[in-house]
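Order of the sequence lines fixes the chain letters, A, B, ..., with proteins taken first and strands second; residue numbering starts at 1 for each chain.
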Protein chains: 2
Amino acid sequence: MYTIGKLSKKTGVTVRTLDYYDEIGLIKPSSKTDGGHRLYNDEDVMRLERILALKYMGFTLEQIKEILKGATTTWYESIQQQLELVKREQKRLSMLEKALLGVSHSLEFEREVNWSLIFGITQLFQQDQEDLFQQYDDYLNEEEINKIIDMDAQMTEEDIKEWLKVIGDIKHNLDIDPVSEKAVQLAESWLSQVEKMFGNDEALLEDMREALQNLKEGVAFYPMDKDVIDFLERVFIAKEELK
Amino acid sequence: MYTIGKLSKKTGVTVRTLDYYDEIGLIKPSSKTDGGHRLYNDEDVMRLERILALKYMGFTLEQIKEILKGATTTWYESIQQQLELVKREQKRLSMLEKALLGVSHSLEFEREVNWSLIFGITQLFQQDQEDLFQQYDDYLNEEEINKIIDMDAQMTEEDIKEWLKVIGDIKHNLDIDPVSEKAVQLAESWLSQVEKMFGNDEALLEDMREALQNLKEGVAFYPMDKDVIDFLERVFIAKEELK
DNA sequence: ATAAATCAACACGTTACGTGCGGTTCAATA
DNA sequence: TATTGAACCGCACGTAACGTGTTGATTTAT
């Protein structure tokens with residue numbers, strides 16, 4: 001027989017928590033003293049341990065109450081459901097991580113907080129990737145879209161950093177002469193970055209270029225808006241003409 | 001100028017939420033009508049959009065309040081801190097996922113809910129892996145411990161399932177004759193599983209065997225308690241003697 | 001028997017709002 | 001201009017899982 005204090009020490013759960021579990025009917029003590037103090041026996045202890053295990057597995061107290069009186073079928077369903085929840089949360093966190101990394105690196109390259117970049121990144125990760133790329137449907141085929149999504153998912157921190165550096169550089173020099181050496185250099189570093197990501201898939205690159213040119217909404221796969229695209233176009237056209 | 005309803009529609013945030021943000025001083029409307037209705041201008045809208053972006057990035061409203069009036073240094077720190085938080089949560093979820101998968105598969109192999117298995121699995125994932133393997137310090141060297149931790153982290157769902165099947169089978173037959181064909185078969189399926197995981201590192205296997213034999217606490221790397229170990233020992237000893 | 005420790009029971013605080021209410025103000029129509 | 005319906009304000013209570021603190025009763029140790 002344990003008083004509530006002993007039980008608390010034995011299990012590491014605070015007295016208040018046991019209070020609360022009593023209050024919501026999760027564990028009622030099996031007996032009481034004449035004065036009204038709660039006494040827990042070994043069976044109660046076992047029940048508490050089960051509660052703690054289930055809590056660790058991420059169930060709410062309400063779910064635990066149900067599970068502890070339920071059949072095996074309830075069990076299996078509950079666990080599958082919980083697994084689904086965990087997987088969704090993992091997806092969300094992985095997007096969140098990328099968004100934070102993006103903002104973090106952008107802070108390194110620019111002296112001020114770049115809000116439009118932040119909006120771009122968060123928008124980019126807000127809805128499901130598939131939904132996001134829906135708008136490119138007119139320009140890219142399914143295979144190409146999947147290739148981009150796949151690549152996006154596999155981007156490492158280093159990749160994000162490099163992209164942001166290249167695009168950040170360009171954004172700071174949008175107004176320079178398209179035929180200047182600096183402009184050509186910027187365009188080339190962008191091109192090499194693209195090549196590193198997509199390889200030499202000329203058809204894909206061409207389709208993407210067309211998509212980016214035509215879409216009103218600025219943000220593309222990475223925080224590359226129309227400003228940047230237009231700059232690149234100017235440089236490439238100038239280069240063509242020089243030949 | 002937007003009334004609170006228009007702003008709500010424009011941004012997708014509920015009126016109550018805007019109410020609340022006003023209440024805690026996160027966005028005060030820049031002006032009001034004579035009757036007291038709140039009016040928001042473009043600057044207010046921008047502030048709201050920033051708030052939403054930060055909220056998506058996982059900050060609390062209190063943090064957002066601080067960030068929005070702070071300097072760039074605050075920014076960088078906040079983001080790093082948030083990244084840390086995300087990474088910890090990712091770790092936790094990955095353990096949680098494994099625990100749930102373990103219980104799920106154990107439900108497939110046994111007809112009833114196996115609480116001791118659940119305790120084993122949750123204990124296994126509760127504290128940090130390094131802490132957990134601390135107790136093996138006397139028997140395994142650092143390199144070996146790291147190898148096990150590494151292997152544990154890389155276990156796929158399929159691996160977990162196979163382990164649980166093998167161990168579950170053994171647990172259901174703890175009392176059979178160690179020289180019976182069934183016993184030998186069980187021991188061999190266990191051995192092949194071990195080999196699949198650890199390769200042919202004889203020294204590691206021997207050290208692990210010793211550790212498992214000597215530790216009072218039953219749970220080892222997978223829900224394999226002393227019962228199982230003892231069974232395996234009996235079979236192997238019987239085999240030796242038969243030779 | 002008395003002091004010290006423990007306990008029960010209650011209340012309020014936490015986060016980010018949802019839901020609902022009565023009363024006021026706004027915008028559009030008769 | 002008067003009316004009416006929609007929008008709005010301010011307030012209050014509810015949520016999940018407890019933490020913190022209080023007061024008064026009970027148990028334990030001396």
I'd like to know whether CD of B:Q80 has more than 12 heavy-atom contacts from other residues, nucleotides or ligands below 6.0 angstrom. yes

Pair A:M95, B:Y56 - check side-chain contact (heavy atoms from CB on, under 4.5 Å), show working. CA-CA 10 Å; A:M95 289 185 189; B:Y56 175 75; 4.0 Å; yes

Applying salt bridge (Lys or Arg N to Asp or Glu O under 4.0 Å), can you list everything that pairs with B:K32, at least two apart in sequence or on another chain? none

Please state how far atom CG in B:L54 lies from atom C1' in C:dA16, giving the value in whole angstrom units. 16 Å

Please identify each residue that fulfils salt bridge (Lys or Arg N to Asp or Glu O under 4.0 Å) with A:E97, with sequence neighbours left out. none

In whole angstrom, what separates B:D19's CG from D:dC11's P? 11 Å

Net bend of the helix from C:dA1-D:dT30 to C:dA30-D:dT1, end axes of five pairs each, nearest 10 degrees: 20°

Any donor-acceptor N/O pair, A:T3 side chain to A:L39 backbone, under 3.5 Å: no

From NZ of B:K65 over to P of C:dT15, roughly how many Å is that when rounded to an integer? 10 Å

Considering residues at least two apart in sequence or located in another chain, which fulfil the salt bridge (Lys or Arg N to Asp or Glu O under 4.0 Å) criterion with B:K6? none

Reckon B:T3 has a side-chain N or O less than 4.0 Å from the OP1 or OP2 of C:dC26? no

Ionic contact status for A:K87 with A:E84, cut-off 4.0 Å: no

Note: contacts of residues 26-47 of chain B with DNA chain C (heavy atom, under 4.0 Å) are B:T33, B:G35, B:H37

Does the A:S78 side chain pair with the main chain of A:T74, one donor and one acceptor, at a distance under 3.5 Å? yes

What is the distance, rounded to the nearest whole Å, between atom CG of A:L18 and atom P of D:dT20? 15 Å

Spacing of B:I4 atom CD1 relative to D:dA7 atom P, expressed in whole Å: 14 Å

Just to confirm, is there a sub-4.0 Å distance from OP1 or OP2 of C:dA16 to any side-chain nitrogen or oxygen of B:T17? no

Counting distance only, does the side-chain N/O of B:R47 pair as donor-acceptor with the main-chain N or O of B:L26 below 3.5 Å? yes

Does the side chain of A:T14 get closer than 4.0 angstrom to OP1 or OP2 of D:dC18 through an N or O atom? no

Show each protein N/O and nucleotides 13-17 of chain D N/O combination with a separation under 3.5 Å, one pair to a line.
unit_1 : atom_1 : unit_2 : atom_2 : d
D:dA17 : OP1    : A:L61  : N      : 3.3

Whole angstrom is fine here: how far is it from OH in A:Y2 over to P in C:dC7? 14 Å

Could you tell me the separation between the CD atom of A:Q63 and the CG atom of A:L54, rounded to the nearest 0.5 Å? 10.0 Å

Rounded to the Å, how far apart are A:D22 CG and C:dA8 C1'? 10 Å

Any sub-3.5 Å donor-acceptor pair from B:D44's side-chain atoms to B:S30's backbone N or O? yes

